[in-house]
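Just below is one structure, and these are the notes that go with it.
Indexing begins at 1, ligand by ligand and atom by atom, following the structure's order.
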Amino acid sequence: MNYNAVNNIDELETWVKKALKIKKKPLKNKKLGKNKTLGLLFFNSSLRTRLSTQKAALNLGMNVMVMNFTNEGWTLEFEEGTVMNSGASEHIKEAAAVVSQYCDVIAIRAFAGLVDKEKDNAEIVLSSFIQYATVPIINMESATGHPLQALADAITIEEFKPKHRAKVVLTWAPHPKALPQAVANSFVEMMKLQKNMDFVITHPKGYELNPEITKDSKIEYDQDKAFENADFIYAKNWSNYNDYGQITNSDPNWTVTADKMKLTNDAKFMHCLPVRRNMIVSDEVIDGPNSIVIEQANNRTFAAQLVLQKILKK
Ligand code: CP
């Protein structure tokens with residue numbers, strides 16, 4: 001069993017219930033992972049994903065090995081049949097097979113390059129590990145998705161949802177650096193699995209996400225209108241998907257401020273973190289009583305632990 005995309009979740013409601021059960025007693029399955037090793041491979045930086053996935057594995061009694069490919073591993077070659085006469089020292093075929101000798105489960109973080117849309121959509125790093133490793137693979141944020149984050153988001157929404165049918169809004173917000181679409185993509189995919197919730201995406205015109213992902217979702221270009229009656233505001237920046245990887249808008253009017261939050265139904269504020277304060281969200285909002293970003297980050301552990309448990313039980 002791999003967990004590389006939100007569509008690996010067969011029944012979101014059941015998964016969320018199980019994760020909340022784990023949260024109550026995180027050490028209940030302390031023996032499940034005994035003598036099993038999780039390898040965490042990072043091609044990009046991380047705080048939450050690294051520590052929460054490691055914590056989840058430790059809660060299950062697993063051993064954990066971490067490797068940063070950015071500065072520690074050999075540069076990998078992913079092309080088939082290449083004459084390896086330039087930068088790359090090792091082919092993914094050997095690397096994935098070798099890591100599989102040491103690890104019972106491999107988790108990988110490899111972001112979008114944001115230069116070549118086709119290449120990013122092909123998920124070269126993640127899909128090559130899936131192809132050449134001989135053990136289960138977990139996606140810790142790939143070029144197009146962040147399914148562990150989306151599962152943690154679902155757990156958080158369940159914990160804070162109102163009694164009435166909830167309205168959830170995903171809003172784009174400005175950022176000085178070009179960011180991938182992965183978190184937003186997985187959030188949209190996760191929201192499609194939610195029953196009895198209304199979901200709206202709001203962003204400036206031109207900032208449409210991959211239409212294959214958003215095809216059944218409501219898009220509202222007027223942020224103020226989208227915020228009306230919202231119970232959850234999930235802020236996230238992503239770079240332009242059409243003008244691929246470019247920043248074509250940095251309008252500060254899209255920052256989530258206290259005035260914007262007043263348009264909502266006393267909404268909870270969510271963000272996957274790390275967040276640029278007073279770019280994405282004002283200090284007042286993120287430091288305010290309706291901000292649930294820390295609990296959201298806490299839930300990363302239980303999302304990862306659920307996925308690891310499922311893999312270990314198989
Ligand atoms: N939200 C998230 O994935 O955080 P990190 O990039 O710090 O792991």
Would you check if there is a donor-acceptor pair between the side chains of [Y] and [X] at a distance under 3.5 Å?
X	Y	answer
Asn299	Gln296	no
Glu123	Thr144	yes
Gln149	Asp153	yes
Asn240	Gln246	no

**Asked** Judged by non-hydrogen atoms, does Arg109 sit under 4.0 Å from ligand 1?
**Response** yes
Only heavy atoms of [X], strictly under 4.0 Å: list the atoms of ligand 1 that pass.
X	value
Ser46	5 (P), 7 (O), 8 (O)
Cys272	1 (N)
Leu47	5 (P), 7 (O), 8 (O)
Arg300	1 (N), 2 (C), 3 (O)

**Message:** Here's one to test your reading of the geometry: is the NZ or CZ of Lys117 within 45 degrees of the ring axis of Tyr241 and under 6.0 Å from its centre?
**Reply:**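 Pair Lys117/Tyr241 counts as cation-pi.
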**Prompt:** Where does Val183 meet ligand 1, judged by heavy-atom distances below 4.0 Å: at the side chain, the backbone, both, or neither?
**Reply:**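 For Val183, no heavy atom sits under 4.0 Å from ligand 1.
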**Request:** Check each heavy atom of His146 against ligand 1 and say whether those closer than 4.0 Å belong to the side chain, the backbone, both or neither.
**Result:** side chain
**Prompt:** Backbone or side chain, does any N or O of Gln149 fall under 3.5 Å from an N or O of ligand 1?
**Reply:**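 Yes, at least one N or O pair falls under 3.5 Å.
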**Prompt:** Which residue owns the protein heavy atom closest to atom 1 (N) of ligand 1, what's the atom, and how far is it?
**Reply:** Leu273 O, 2.8 Å
**Prompt:** To which protein heavy atom is atom 4 (O) of ligand 1 closest, and what is the distance rounded to 0.1 Å?
**Reply:** Arg48 NE, 2.9 Å
**Asked** Quick one: which of Lys167, His164, Lys268 gives a side-chain hydrogen bond (donor to acceptor under 3.5 Å, both in side chains) with Asp231?
**Response**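 Of all the options given, the one that passes is His164.
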